[in-house]
K.L.:
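This is the structure, below, for whatever I ask next.
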Amino acid sequence: MPHTTKYIFVTGGVASSLGKGIISSSLAKLLQARGYSVTIQKLDPYLNVDPGTLNPYEHGECYVTEDGAETDLDLGHYERFLNRHTTQANNVTTGRIYQSVINKERKGDYLGKTVQIIPHITDEIKHRIKLLGTKHKFDIVITEIGGTVGDIESLPYVESVRQLRYELGTENSLVIHLTLVPFLAAAGELKTKPTQHSVKTLLENGVQPDVLVLRTEKKLGDDIRRKVGLFCNVDKDSVIESIDVLSIYEVPILMRKEKLDQTVLRKLNMPLGNEPVMDDWVAFLKRLKNPEKEVEIALVGKYTALPDAYKSIVESFIHAGVVNHCKVRLKWVNSDKIYADNVAQQLEGMKGILVAPGFGSRGFDGKVLTVQYAREHNMPFLGICLGMQCSVIEFSRNVLGLSGANSTEMDRQTPYPVIDLMEDQKNVTEKGGTMRLGAYPCRLNKGSIACKTYKVKEISERHRHRYELNNHYTEQLAAKGMVVTGVNPDTGLAEIIEIPSHRWFVGVQFHPEYKSTVENPHPLFVDFVRATLEVD
Ligand code: GLN
């Protein structure tokens, strides 16, 4: 029998930020636990080809996959929940759709036809959705449509969903619509009208949702479920409550209680499979909710006004905290506001310091001052990407005495370019998708912190950078105590630096945060948190 993939579409109404990504991830987790192979795809209705060129304040962090795709941060949730890699195919933007349609038009592929949103753009969208089923052979593909129904930008996606439902048939596809049921304190009531309106908007576009997930701060009574069901043509037991919870990791368990997975499988005419065994997940939650201790770590970066800008780092600390039976409290420190005369005051009392990745010179000096503070106070330190580069610059200036040492990213004329543009970046002029991206191997030095924590000799980690440690300085650095403990075996590029005489000082050129999941908390974060617990 040919393999049939079932498609689930997740749309959102009433407001943005209701947590479509978390609902999709939670449903996928339950279906996975029942024995199905599931993946999640995000369709983003903006014109950037990918979010790589976006300021993190626009849509939060840019997440990077194994194959080097710069993607929406929801893919990070998918990986953290499912413990499975995603790829470029899991994130499609309107920009990417238009780019390929226009490229085809220029090649003459449309044979003289007028190129239009319908059918050409919608065909391209449908092709990208189906690809995950036909090429990658998943049992179930969950496609999350970014934005809110009714937005002009979302229209071609909703139309594609309408067409796909018609083509695939109702037993092979399903629409879940996530909305908000606000509680009006003055009236003391939950209000369903916004949901009714947003379902009407979907209906105007020819799409009838099969399942409604209602985000709410108060429990939904039976009457509300019945009312919403009646006015939206949805069975009462397909009206699912999604009540506010403290941690996103509780949502799969809530959805299991609400039987979202069973409803979906029944509607798709699929066997229920095994009862989802979620013992490890529940054990993780139990530890998360009952920490035995607390530790405060400074997260130093320039995008501290928006926690989503460092989403994967925040989640990695949650995972690592659970392993260490502790709650990691993060103190967000804006590196743009760190000066020589206030650095001590801002970092005092911390048990560890993380200097975040970044680009450009704003907030850079504050990061270098931070590294100096961590090094001189023997405070556990983890520097990621630009954070690692700052640690090399600080050490060169203050220990090697190379005054003015810098990255050529910040100062092209520096007398000591200890961080320099990678050779293969020198002729790059376009900004989009041209960094060193995705997974590369790294060989670890025996006896290093890295080798002890990863417990293997070779690792693979994800990257997103243009600059690197200038190997011309590695010997000088080592002579004074900063050692390269991980290198790319093919190119010799320095991937990890450590200061062995320090309590715990690690800088990594790669991004460990992209690979931490609930099932596999990242060893470097786990050991970093462990080290912070030893600070009195
Ligand atoms: N701006 C630095 C580089 O391009 C660091 C990048 C980062 O932190 N992701 O090398």
Side-chain angles (χ1 to χ4, degrees), residues 50-58 60-66 68-71 73 76 299-304 308-314 316 334-336 353-368 370-371 381-394 396 405-412 414 417-440 442 461-471 473 484 486-488 491 493-497 506-515 522 524:
D50 61 44
T53 51
L54 288 171
N55 181 313
Y57 278 163
E58 295 284 314
E61 107 182 335
C62 171
Y63 184 78
V64 178
T65 57
E66 286 290 293
E70 295 178 284
T71 71
L73 59 73
L299 195 166
V300 181
K302 66 173 166 178
Y303 300 113
T304 44
D308 271 2
Y310 299 113
K311 191 77 196 163
S312 295
I313 293 178
V314 173
S316 301
N334 181 354
S335 59
D336 208 15
I353 294 175
L354 183 140
V355 174
F359 297 84
S361 46
R362 189 173 69 78
F364 171 76
D365 294 336
K367 285 185 174 176
V368 176
T370 301
V371 181
F381 169 83
L382 178 58
I384 299 181
C385 208
L386 183 63
M388 171 266 201
Q389 297 174 355
C390 287
S391 70
V392 173
I393 292 162
E394 189 279 323
S396 306
N406 215 330
S407 162
T408 48
E409 180 181 4
M410 315 300 159
D411 175 6
R412 281 200 196 182
T414 169
V418 290
I419 303 292
D420 202 3
L421 195 61
M422 285 180 283
E423 201 47 46
D424 52 8
Q425 287 285 325
K426 293 200 169 141
N427 296 320
V428 172
T429 49
E430 286 198 7
K431 287 267 182 283
T434 53
M435 283 189 250
R436 178 174 181 247
L437 289 165
Y440 285 93
C442 164
E461 289 282 2
R462 301 184 197 171
H463 298 75
R464 185 170 187 248
H465 64 121
R466 297 187 199 280
Y467 294 81
E468 63 177 332
L469 195 161
N470 182 344
N471 273 333
Y473 294 93
V484 173
V487 290
N488 177 300
T491 62
L493 180 142
E495 292 279 9
I496 310 178
I497 55 93
V506 179
V508 287
Q509 185 56 76
F510 50 79
H511 291 260
E513 72 274 22
Y514 294 144
K515 283 183 74 170
H522 197 285
L524 271 182

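Every number for a ligand or one of its atoms is a count from 1 in the order of the listing.
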K.L.:
So is Met435 polar-close to ligand 1, meaning N/O to N/O under 3.5 Å?
P.N.:
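N/O-N/O distance below 3.5 Å does not exist for this pair.
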K.L.:
With heavy atoms of Arg466 as the reference, note each atom of ligand 1 found under 4.0 Å away.
P.N.:
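Within the 4.0 Å cut-off of Arg466, ligand 1 contributes 3 (C), 4 (O), 10 (O).
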K.L.:
Closest non-hydrogen protein atom to atom 5 (C) of ligand 1, residue and atom name please, with distance?
P.N.:
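In this structure, atom 5 (C) of ligand 1 has Gly358 O, 3.3 Å as its nearest protein heavy atom.
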K.L.:
Judged by atom type as modelled, is there a donor-acceptor pair below 3.5 Å linking the side chain of Tyr303 to the main-chain atoms of Tyr57?
P.N.:
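Answer holds: no.
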K.L.:
So which heavy atom in the protein is nearest atom 7 (C) of ligand 1, and how far is it from that ligand atom?
P.N.:
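Ranked first by proximity to atom 7 (C) of ligand 1 is Cys385 SG, 2.9 Å.
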K.L.:
By number and element, which atoms of ligand 1 are closer than 4.0 Å to a non-hydrogen atom of Arg464?
P.N.:
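Listed by number with element: 6 (C), 7 (C), 9 (N).
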K.L.:
Out of His463, Glu409, His465, Met388, who is nearest to atom 2 (C) of ligand 1 when you count heavy atoms only?
P.N.:
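Going through His463, Glu409, His465, Met388 one by one, Glu409 has the nearest heavy atom to atom 2 (C) of ligand 1.
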K.L.:
Kindly say whether Leu493 contributes a backbone atom to a donor-acceptor pair with the side chain of Asn488 at under 3.5 angstrom?
P.N.:
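Between the backbone of Leu493 and the side chain of Asn488 there is no qualifying donor-acceptor contact (under 3.5 Å).
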K.L.:
Within a distance under 4.0 Å of any heavy atom of Tyr467, pick out the atoms of ligand 1 and give their elements.
P.N.:
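Matching atoms, with element in brackets: 3 (C), 4 (O), 10 (O).
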K.L.:
Given side chains that start at C-beta, do those of Arg466 and Val428 come closer than 4.5 Å, heavy atoms only?
P.N.:
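Yes, close enough: below the 4.5 Å cut-off.
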K.L.:
Looking at every non-hydrogen atom in both residues, tell me the closest pair between Ile419 and Tyr467 and how far apart they are.
P.N.:
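Shortest heavy-atom separation between Ile419 and Tyr467 comes out as CG2-CB, 3.7 Å.
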K.L.:
At less than 4.0 angstrom from any non-hydrogen atom of Leu386, what atoms of ligand 1 do you find?
P.N.:
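With Leu386 as reference, the close atoms of ligand 1 come out as 5 (C), 7 (C), 8 (O).
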K.L.:
Which atom names give the shortest non-hydrogen contact between Cys62 and Glu70, and what distance separates them?
P.N.:
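Heavy atoms only, the tightest pair is SG-CB, 3.5 Å.
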K.L.:
I'd like to know if the side chain of Glu461 pairs up with that of His522 as donor and acceptor (distance under 3.5 Å, no hydrogens or angles considered).
P.N.:
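Present: a donor and an acceptor within the cut-off.
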K.L.:
Counting only heavy atoms not in Lys426 (residues, nucleotides, ligands), do more than 12 fall under 6.0 Å from its NZ?
P.N.:
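Above 12, so yes.
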K.L.:
Quick one: does Glu409's side chain have a donor or acceptor within less than 3.5 Å of a partner on Gly360's backbone?
P.N.:
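It does hold such a pair.
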K.L.:
Determine, using heavy atoms of Gln509 and all atoms of ligand 1, whether some pair is separated by less than 4.0 Å.
P.N.:
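Contact absent.
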K.L.:
Any idea which part of Glu468 is under 4.0 Å from ligand 1, heavy-atom wise: side chain, backbone, both or neither?
P.N.:
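Glu468 to ligand 1: no contact under 4.0 Å from either part.
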K.L.:
State the atoms of ligand 1, each with its element, that fall below the 4.0 Å cut-off from a heavy-atom position in His511.
P.N.:
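Listed by number with element, the hits are 9 (N).
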